[in-house]
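Before any comments, here is the structure.
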Amino acid sequence: MLSRRVLSQTGKVVDEAAIEKFRNSLRGVLIRPGDQGYDTVRKIFNAMIDRRPSLIARCAGLVDVIAGVNFARDHNLVLAVRGGGHNVAGNAVCDGGIVVDLSPMKGIRVDPARRTVRAEGGVTYGELDRATQSHGLATTGGEVSTTGIAGLTLGGGFGWLMGKHGLACDNLLSVELVTAEGKPITANAEQNSDLFWGIRGGGGNFGIVTSFEYRLHPVGELLAGMVMWPLAKGKEVLSFYRYFAKEAPDELNTLVTLLTDPQGTAVVAIGLCYAGPVTQGEKVVGPLRALGPPIADLVRPMAYCEVQRMIDAADPPGLQNYWKSNFLRGLTDAAIESIISHFEAVTSPRTEVIIEHLHGAVSRVDQDETAFNHRDAEFSFLIDSKWADPAESEKHIRWTRDYFSTMEPFYVGGAYINYLGDEGEDRVKAAYGAAKYQRLTALKNTYDPTNLFHLNQNIRPAV
C-alpha cells in the first residue's frame with residue numbers, strides 16, 4: 001500500500017488535520033498517492049522522469065496557488081511548479097513534497113483592439129494560438145503546440161515568428177506572480193521592473209507566474225513546411241544553408257533537422273515559416289527549392305495553428321528524452337563535417353538534431369534588456385535524443401554525450417535554459433554570463449532568499 005505520510009524536508013510528518021484544512025481551502029483538487037488519477041496527473045512529457053509527489057494541488061486559480069505556496073513554505077516541503085510539464089529536466093514534479101499544478105488554469109482573454117492577450121499559467125501554445133487566431137492575431141511561442149506558455153516564456157522562448165517579432169519574452173507585457181511569501185504582485189515595465197527584467201529569461205526562480213500578458217501581431221496565412229534530402233546530401237545542404245540563413249529577411253524563420261524518416265532513411269530537412277505574404281515567401285524560398293531534387297517538399301500555404309503543429313508528431317509525450325545543447329559559432333566546414341558524420345551513427349530512429357537560426361528581431365533587442373543572454377548567437381544546436389524502451393537508455397545517453405563533446409570546438413559557449421537537463425550549477429551560470437548571473441542572484445536574494453523555488457534551473461541566493 002502506498003504511504004500517504006507527508007514529510008517535510010527535515011523528516012517531520014505533516015499533521016493530517018493541516019492537510020485536510022489545506023484541501024478544504026482549495027477550489028481545485030488535492031491529489032495524494034492512492035487517489036484516483038494520481039499516476040496520470042504526476043506524469044509529464046519526459047517519461048525518463050518518474051517521480052512521486054506526496055501532494056498535487058490542482059489549482060483552479062490564483063487563490064489556490066497562494067494557498068499552495070503558503071502550505072509548502074509553512075511545512076518546509078519540497079515545492080515543484082507545473083505549467084505545461086513539457087520541460088526536459090522534469091522540474092515540474094518532485095519526489096515527496098508538493099506539486100503546485102497550474103495545468104487546469106486555462107483562462108485566455110484576447111483584446112483585439114489593443115492587440116494583447118492575457119493567459120493563465122496552465123495554457124499551452126496550441127490553446128493560446130486557437131484563441132488569438134480567431135482574431136487573426138498571434139505572438140511568438142514555441143515550435144510544438146503542446147508546449148506550455150509559462151516555462152517557454154520564462155526561459156526566453158524560441159518560435160516560428162521570432163525573426164520578425166522577437167522571442168516570446170520580448171512580447172511579454174506584464175505578469176501576475178505569487179512570491180515566496182505568498183503575495184500576488186504585478187511585474188511589468190512600470191511595476192517591479194527589476195523583477196520583470198529577471199523573469200524574461202531567468203525562469204521560475206522568483207515566484208509562480210499565474211498569468212501572462214502578451215503583445216499580439218496580425219498573422220494570416222503563412223508559407224511553411226519542410227524540404228527533405230537524404231543525409232548523404234547533408235554536407236551540401238548545410239553548406240548552402242549557412243549562406244541562405246545569413247541572407248534571410250526577418251520574415252523567414254528556419255531550422256535544420258537531422259532525423260530518420262518513417263521508412264528508416266536518415267535525412268536532413270530544412271523547416272521554414274515565412275511570416276509575410278505567401279507570394280513573397282515563394283520568391284524567398286526559391287533558392288532552397290533549387291538546391292536539387294529532394295525526398296519531399298512539404299512547403300505550402302497554411303494557417304499559423306497548423307504551422308505550430310507541423311512537427312508535433314515527432315515530439316510525442318511518453319518517450320524517454322535526453323537533450324544536450326549549446327550555441328554554435330557558425331556552420332564552418334569542420335562543424336558541418338562533425339554534425340553529419342556523427343549523426344550517421346545515431347542509435348535511436350526517434351532522435352533528432354536541430355539547428356535553429358537566431359536573427360532579425362531577436363538580435364536587435366539590447367543585450368541588457370532581458371535576462372535572456374544570447375542575442376548575438378547565430379545558431380542554437382540541440383541533440384534531442386528520444387527512445388521508447390528504458391532498457392536502451394545507457395546506449396542512447398552515451399551516444400548523445402559523445403556527440404555533444406565532439407562538437408565542443410564549435411560552441412560559442414553558454415546554454416539555453418529551456419533545453420537544459422539536470423546539468424549542474426556551472427551550466428546555469430553559463431546560460432547568463434557572470435554579470436547577468438550576479439544581477440539575477442541579487443533578485444533571488446530579494447524575492448526568494450530561502451530558495452523555496454529551487455526546482456528549476458536554479459539561481460542560488462547568496463544570503
Side-chain angles (χ1 to χ4, degrees), residues 45-48 86 88 142-147 158-160 224-242 244-245 253-273 288-289 291-300 306-326 328 331 335-357 379-389 392 395-404 406-407 419:
F45 169 82
N46 184 1
M48 188 178 286
H86 205 276
V88 69
E143 293 150 356
V144 177
S145 70
T146 55
T147 303
F158 299 166
W160 288 113
M226 285 198 171
V227 184
M228 301 181 182
W229 296 267
L231 190 65
K233 198 176 175 69
K235 294 176 187 177
E236 180 183 349
V237 172
L238 284 176
S239 295
F240 161 83
Y241 178 72
R242 65 184 167 197
F244 182 71
N253 295 274
T254 59
L255 56 79
V256 172
T257 305
L258 309 184
L259 71 155
T260 306
D261 71 13
Q263 290 72 45
T265 302
V267 303
V268 56
I270 296 179
L272 65 91
C273 172
L288 180 65
R289 287 172 148 163
L291 184 57
I295 294 174
D297 183 344
L298 307 176
V299 176
R300 59 178 175 81
E306 190 176 1
V307 175
Q308 289 284 74
R309 295 192 303 268
M310 68 181 178
I311 60 175
D312 279 11
D315 215 24
L319 295 176
Q320 310 286 308
N321 276 258
Y322 184 79
W323 298 4
K324 296 289 282 184
S325 74
N326 210 306
L328 296 177
L331 290 173
I336 290 171
E337 171 69 33
S338 186
I339 290 167
I340 299 299
S341 63
H342 283 84
F343 191 78
E344 290 172 343
V346 67
T347 54
S348 170
R350 295 180 181 270
T351 289
E352 299 174 278
V353 170
I354 302 169
I355 302 166
E356 294 165 292
H357 183 217
F379 297 105
S380 166
F381 176 77
L382 169 65
I383 308 170
D384 178 2
S385 289
K386 301 184 286 277
W387 62 95
D389 185 355
E392 298 179 356
K395 172 178 66 175
H396 301 311
I397 290 173
R398 182 172 61 252
W399 176 86
T400 307
R401 289 174 173 170
D402 288 347
Y403 193 166
F404 184 73
T406 302
M407 290 294 296
Y419 290 165

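These numbers were taken from a predicted model, which means no experiment stands behind them.
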Check against side chain to side chain contact (heavy atoms under 4.5 Å, CB included), Asn253 and Glu356: CA-CA 9 Å; Asn253 295 274; Glu356 294 165 292; over 6 Å; no
Test Ile355 against every option in Thr257, Val256, Leu382, Leu255 by the side chain to side chain contact (heavy atoms under 4.5 Å, CB included) rule and name the one that passes.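 Of Thr257, Val256, Leu382, Leu255, side chain to side chain contact (heavy atoms under 4.5 Å, CB included) with Ile355 is met by Val256 alone.
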Which heavy atom in [X] sits nearest to a heavy atom in [Y], and how many Å separate them?
X	Y	result
Pro294	Val227	CB-CG1, 3.7 Å
Pro316	Ala313	CD-O, 3.5 Å
Asp297	Val299	OD1-N, 3.1 Å
Cys273	Val307	SG-CG1, 4.1 Å
Ala47	Gly318	CB-O, 3.3 Å
Gln308	Gly142	OE1-O, 3.0 Å

Does a side-chain heavy-atom distance below 4.5 Å link [X] with [Y]?
X	Y	value
Tyr419	Val88	no
Arg398	Thr347	no
Ile339	Tyr403	yes
Glu306	Arg300	yes
Trp387	Met48	yes

Start with the C-alpha gap between Val353 and Phe381, add the side-chain angles, then the distance that decides, and say whether side chain to side chain contact (heavy atoms under 4.5 Å, CB included) holds. CA-CA 7 Å; Val353 170; Phe381 176 77; 3.5 Å; yes
Rounded to the nearest 0.5 Å, what's the gap from [atom1] on [X] to [atom2] on [Y]? Could you check?
X	Y	atom1	atom2	value
Asn46	Lys386	CG	NZ	11.0 Å
His396	Ser385	NE2	OG	8.5 Å
Trp323	Thr400	CH2	OG1	12.5 Å
Leu298	Met310	CG	CE	9.5 Å
Ser145	Ile311	OG	CD1	10.0 Å
Met226	Thr254	CE	OG1	10.5 Å

Worked check of side chain to side chain contact (heavy atoms under 4.5 Å, CB included) between Met407 and Asn326: CA-CA 9 Å; Met407 290 294 296; Asn326 210 306; over 6 Å; no
Residue list, ring-ring contact (aromatic ring centres under 6.0 Å, His included) with His86, at least two apart or on another chain: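 Partners of His86 under the ring-ring contact (aromatic ring centres under 6.0 Å, His included) test: Phe45.
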Report, as yes or no, whether the 6.0 Å neighbourhood of atom CZ on Arg242 holds more than 12 heavy atoms from other residues, nucleotides or ligands.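 Yes.
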Flag, side chain of Trp399 to backbone of Ser348, donor-acceptor distance under 3.5 Å: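 Not a single qualifying donor-acceptor pair exists.
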Throw together a table of side-chain donor-acceptor distances under 3.5 angstrom for residues 259-271, partners on residues two or more places apart or in other chains.
unit_1: Asp261; atom_1: OD1; unit_2: Gln263; atom_2: N; d: 2.9
unit_1: Asp261; atom_1: OD1; unit_2: Gly264; atom_2: N; d: 3.0
unit_1: Asp261; atom_1: OD1; unit_2: Thr265; atom_2: N; d: 2.8

On the 0 to 90° scale, with breaks at 30° and 60°, tag the Phe244-Phe240 ring pair as parallel, tilted or perpendicular.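 Ring orientation of Phe244 relative to Phe240: parallel.
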